[in-house]
Amino acid sequence: MVAMIGMMWWQSRKAKQQQAERQDFRANLQPGTEIITIGGVIGKVVSVDVQYEEIVIDSEGSLMRFSFNAISKEYVRPAYVSDDEVDENGNPIEQNDDEAQVPMDQALESAENAAETTETVEAKVVDTEVADEQPQEAAK
């Protein structure tokens with residue numbers, strides 16, 4: 001009976017500690033922190049309203065408002081290793097370039113720059129094709 005009471009006391013104490021940690025995390029959220037909600041939405045904190053216990057996050061340009069209780073934890077992007085980066089035993093292959101994992105903002109900027117470059121190249125290709133077609137039509 002004493003062991004049972006001791007286990008119940010220990011579990012309630014542990015639950016109170018976890019609840020205090022969650023409340024402290026939510027109360028100390030600052031704009032710019034990446035978080036994940038209990039529904040799996042990942043975004044950056046835009047504003048925190050402690051009085052109403054609400055938080056506004058930006059997820060790829062969409063502003064969403066959530067209750068503090070909907071915030072699961074701080075988001076840490078998991079490491080990803082491509083099959084091309086390891087040998088048949090799973091050991092990393094030495095690479096000369098210093099391509100490390102980059103923050104989400106830099107990755108998005110790189111993708112946008114690549115898209116702009118692709119659009120420019122496609123426009124030049126279309127202009128070249130149009131220029132190539134004009135002499136053929138004149139020859140007919």
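- Around CD of Glu54, the count of heavy atoms belonging to other residues, nucleotides or ligands within 6.0 Å exceeds 12.
- Grouped with Met8 in a hydrophobic cluster is no other residue, since no side-chain heavy-atom contact under 4.5 Å to another Ile, Leu, Val, Met, Phe, Trp or Tyr is found.
- Here side-chain hydrogen bond (donor to acceptor under 3.5 Å, both in side chains) pairs that include residues 3-15, with residues two or more places apart or in two chains, number zero.
- Legend: residues meeting side-chain contact (heavy atoms from CB on, under 4.5 Å) with Glu74, ordered by chain and number and at least two apart, are Phe25, Thr33.
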Please table the atom pairs, donor to acceptor, closer than 3.5 Å between any side-chain atom in residues 37-49 and protein atoms at least two apart or in another chain.
from, atom 1, to, atom 2, distance (Å)
Thr37, OG1, Gly39, N, 3.3
Thr37, OG1, Gly40, N, 3.3
Thr37, OG1, Val41, N, 3.0
Lys44, NZ, Asp105, OD1, 3.2
Lys44, NZ, Asp105, OD2, 2.6
Asp49, OD1, Gln51, N, 3.3

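- In the displayed structure, Gln17 atom CD is contacted under 6.0 Å by more than 12 heavy atoms of other residues, nucleotides or ligands.
- A distance of 4.5 Å separates CD1 in Ile57 from CD1 in Ile35, rounded to the nearest 0.5 Å.
- The salt bridge (Lys or Arg N to Asp or Glu O under 4.0 Å) analysis of residues 1-10, with sequence neighbours excluded, yields no pairs.
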Can you give the donor-acceptor pairs under 3.5 Å from side chains of residues 63-73 to other protein atoms, not counting sequence neighbours?
from, atom 1, to, atom 2, distance (Å)
Ser67, OG, Asn69, N, 3.3

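- Rounded to the nearest 0.5 angstrom, Asp58 CG and Glu34 CD are separated by 10.5 Å.
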